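Report on the structure given below.
Computed from a prediction, not measured in an experiment: that's the story for all the values here.
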Amino acid sequence: MLTVAWRSEYIQPLPDGHRFPMLKYELIPEQLIRESIIRESQIFKPEPAKRIDITAVHSEEYLTKLETLALSRSEERKIGFPHDERLVFREKCIVNGSIYNALYAIENGCSINVAGGTHHAYSDRGEGFCLLNDIAVATSYLLRHRLRERVLIVDLDVHQGNGTAAIFKNEPGVFTFSMHGANNYPLHKEQSDLDVPLPDGITDEPYLKLLERHLNEIAERFQPDFVFYQSGVDILHTDKLGRLSISAHGCALRDRLVFRFCKIHRLPVAVSMGGGYSQRLSDIVNAHVSTYREAASIFD
């Protein structure tokens, strides 16, 4: 049975006209329940992550700046959200949602966070709508508590997981895999264990072939015992920022491919939603909901 991390504080108030589609965090759980993909009892409400877990990845100085609202204007602009106490509380809850996602995935095969995938957050700074790196903190938790030894991070957001790559650059127990737009944000890419830069306009078939080939190669080469999956839907052809040409059906097939890979290799998988910036909010929400539908079909 799927477990799903969500709480109402995931919905952060933003100024009118802000480009981040925050409303999706309200609509996704509503649609999941309306379509009977999950029941309300499958949703758990994460509390804020503990400081000891956050600072296993992020510096004490950076976390203190977040908590005391001491970011400079430049730092706040790079993140892209107005910095306030509610935002910091939200981010800590999302991080703990991903920690518990990992624990539930070990029990049940798969668990999903309605938010998260904040892969642009570095150990000492945030950027690109990311304050704390939820997948990095949850990965660190598994390794520190010796719950897993070889963690594969599959990042299929259209933007490279630069913060995640930098955090785990010298960690042999983590394999970072990022398939992302070659000409997209961030301008400066970090070095993942495997980067697959994609040309503008790539379509479903070549995209899926690349993904399947690389997943199989990683399985043989790294032999992971856990997967974190960043399932951003900004690969869609409708996305304002994506520059790729993946259909909604192709995006669903991508999710199915990842989940089948995990099922075949008996790999627990914890999923974070990642980005999505299509003009129509319904395109974003439907693509995210499809991720849950695919997961439920394989793990329920």
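- One N or O on the side chain of Ser231 and one on the backbone of Ser272 form a donor-acceptor pair closer than 3.5 Å.
- In this structure, a donor-acceptor pair under 3.5 Å is absent between the side chains of Ser178 and Asp155.
- Comment: Lys92 does not engage Glu47 in a salt bridge, judged by the lack of any side-chain N to carboxylate O separation of less than 4.0 angstrom.
- The six-membered or imidazole ring of Tyr122 lies away from that of His58, with a centre-to-centre distance of 6.0 Å or more.
- With Arg243 contributing its side chain and Gly201 its backbone, the two residues share no donor-acceptor pair below 3.5 Å.
- Residues passing the side chain to side chain donor-acceptor pair (under 3.5 Å) test with Tyr229 are Arg254, Asp255, sequence neighbours excluded.
- Of the possible donor and acceptor atoms, one in the side chain of Asp157 sits under 3.5 Å from a partner among the backbone N and O of Gly275.
- Judged as a salt bridge (charged side-chain N to carboxylate O under 4.0 Å, His left out), and not counting sequence neighbours, the contacts of Glu205 are Lys209.
- Using a 4.5 Å heavy-atom cutoff, the side chains of Phe175 and Pro224 are not in contact.
- Within 6.0 Å of NE2 in His249 there are 12 or fewer heavy atoms belonging to other residues, nucleotides or ligands.
- Counting only heavy atoms from C-beta outward, the side chains of Thr3 and Tyr100 never approach each other to under 4.5 Å.
- Between the Gln42 side chain and the Arg39 main chain, a donor and an acceptor come within less than 3.5 Å of each other.
- Distance check, rounded to the nearest 0.5 Å: CG of Asp84 to CZ of Phe89 gives 12.5 Å.
- Looking at Asn162 and His188, their side chains never come closer than 4.5 Å, going by heavy atoms from C-beta outward.
- The distance between the ring centers of Phe228 and Phe226 falls below 6.0 angstrom.
- Annotation: side chain to side chain donor-acceptor pair (under 3.5 Å) contacts of Lys65 (sequence neighbours excluded): Glu75.
- There is no side-chain donor-acceptor pair under 3.5 Å between Ser278 and Asp283.
- Few gaps surround CZ on Arg150; more than 12 heavy atoms of other groups in view lie less than 6.0 Å from it.
- Residues Tyr207 and Met179 are in side-chain contact: their nearest non-hydrogen atoms beyond the backbone lie under 4.5 Å apart.
- Interatomic distance, CD of Gln12 versus CZ of Arg90, reported as 6.5 Å (0.5 Å rounding).
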Inset, instruction - Quick one: do Val114 and Ile94 satisfy side chain to side chain contact (heavy atoms under 4.5 Å, CB included)? Show the steps, please. - result: CA-CA 9 Å; Val114 172; Ile94 289 171; over 6 Å; no

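- Between Leu66 atom CG and Ile54 atom CD1 the span is 9.0 Å, to the nearest 0.5 Å.
- A pairwise comparison of heavy atoms in Glu149 and Asp225 identifies N-OD2, 2.9 Å as the closest pair.
- For the residue pair Ser98 / Asn101, no side-chain donor-acceptor distance below 3.5 Å is found, with atom types taken as modelled.
- Distance NZ/Lys24 to CD/Glu26: 14.0 Å, rounded to 0.5 Å.
- Relative ring orientation between Tyr10 and Trp6 is described as perpendicular, the plane-to-plane angle rising above 60° on a 0-90° scale split at 30° and 60°.
- In terms of heavy-atom proximity, Leu236 sits nearest to Ala287 at CD1-CB, 3.8 Å.
- The environment of Gln191 atom CD is sparse: at most 12 non-hydrogen atoms of other residues, nucleotides or ligands sit within 6.0 angstrom.
- The distance from atom NE2 of His214 to atom CZ of Phe177, rounded to the nearest 0.5 Å, is 6.0 Å.
- Under the rule for a side chain to side chain donor-acceptor pair (under 3.5 Å), Thr139 has no partner lying at least two apart in sequence or in another chain.
- The salt bridge (charged side-chain N to carboxylate O under 4.0 Å, His left out) search around Glu30 returns none, not counting sequence neighbours.
- The backbone N or O of Ser282 lies less than 3.5 Å from a partner atom in the side chain of Asn286, making a donor-acceptor pair.
- Between Tyr104 and Phe44, the ring centre distance stays below 6.0 Å.
- Ring orientation note: the planes of Phe20 and Tyr25 are close to parallel, at an angle under 30° on the 30°/60° scale.
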Legend entry - Working for side chain to side chain contact (heavy atoms under 4.5 Å, CB included), residues Leu71 and Ile79: CA-CA 10 Å; Leu71 293 181; Ile79 290 170; 3.7 Å; yes

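- Between Phe129 and Thr118, every side-chain heavy-atom pair lies at or beyond the 4.5 Å cut-off.
- Few gaps surround NZ on Lys240; more than 12 heavy atoms of other groups in view lie less than 6.0 Å from it.
- Residues forming a side chain to side chain contact (heavy atoms under 4.5 Å, CB included) with Ala182 (at least two apart in sequence, or on another chain): Pro197.
- For the pair Asn133 (side chain) and Ala121 (backbone), a donor-acceptor distance under 3.5 Å is present.
- Between Arg256 and Glu294, at least one side-chain nitrogen of the basic residue sits less than 4.0 Å from a carboxylate oxygen of the acidic one, meeting the salt-bridge criterion.
- Remark: Lys78 NZ is loosely packed, at most 12 non-hydrogen atoms of other residues, nucleotides or ligands lying under 6.0 Å away.
- Judged purely by atom type and a 3.5 angstrom limit, Asp234 has no side-chain atom pairing as donor or acceptor with the backbone of Tyr277.
- Under a cut-off of 6.0 angstrom, the local environment of CZ in Arg86 is crowded, with over 12 non-hydrogen atoms contributed by other residues, nucleotides or ligands.
- Checking side-chain atoms of Glu190 against main-chain N and O of Ala165 turns up no donor-acceptor pair under 3.5 Å.
- Between the side chains of Thr55 and Arg51, no donor-acceptor pair of N or O atoms lies under 3.5 Å.
- Counting only distance, with no hydrogens or angles, the side chain of Asp239 and the backbone of Ile235 share no donor-acceptor pair below 3.5 Å.
- A distance-only check finds no donor-acceptor pair linking the side chain of Asn113 to the backbone of Met273 [under 3.5 Å].
- The CG atom of Leu2 sits 12.5 Å away from the CZ atom of Arg293 when rounded to the nearest 0.5 Å.
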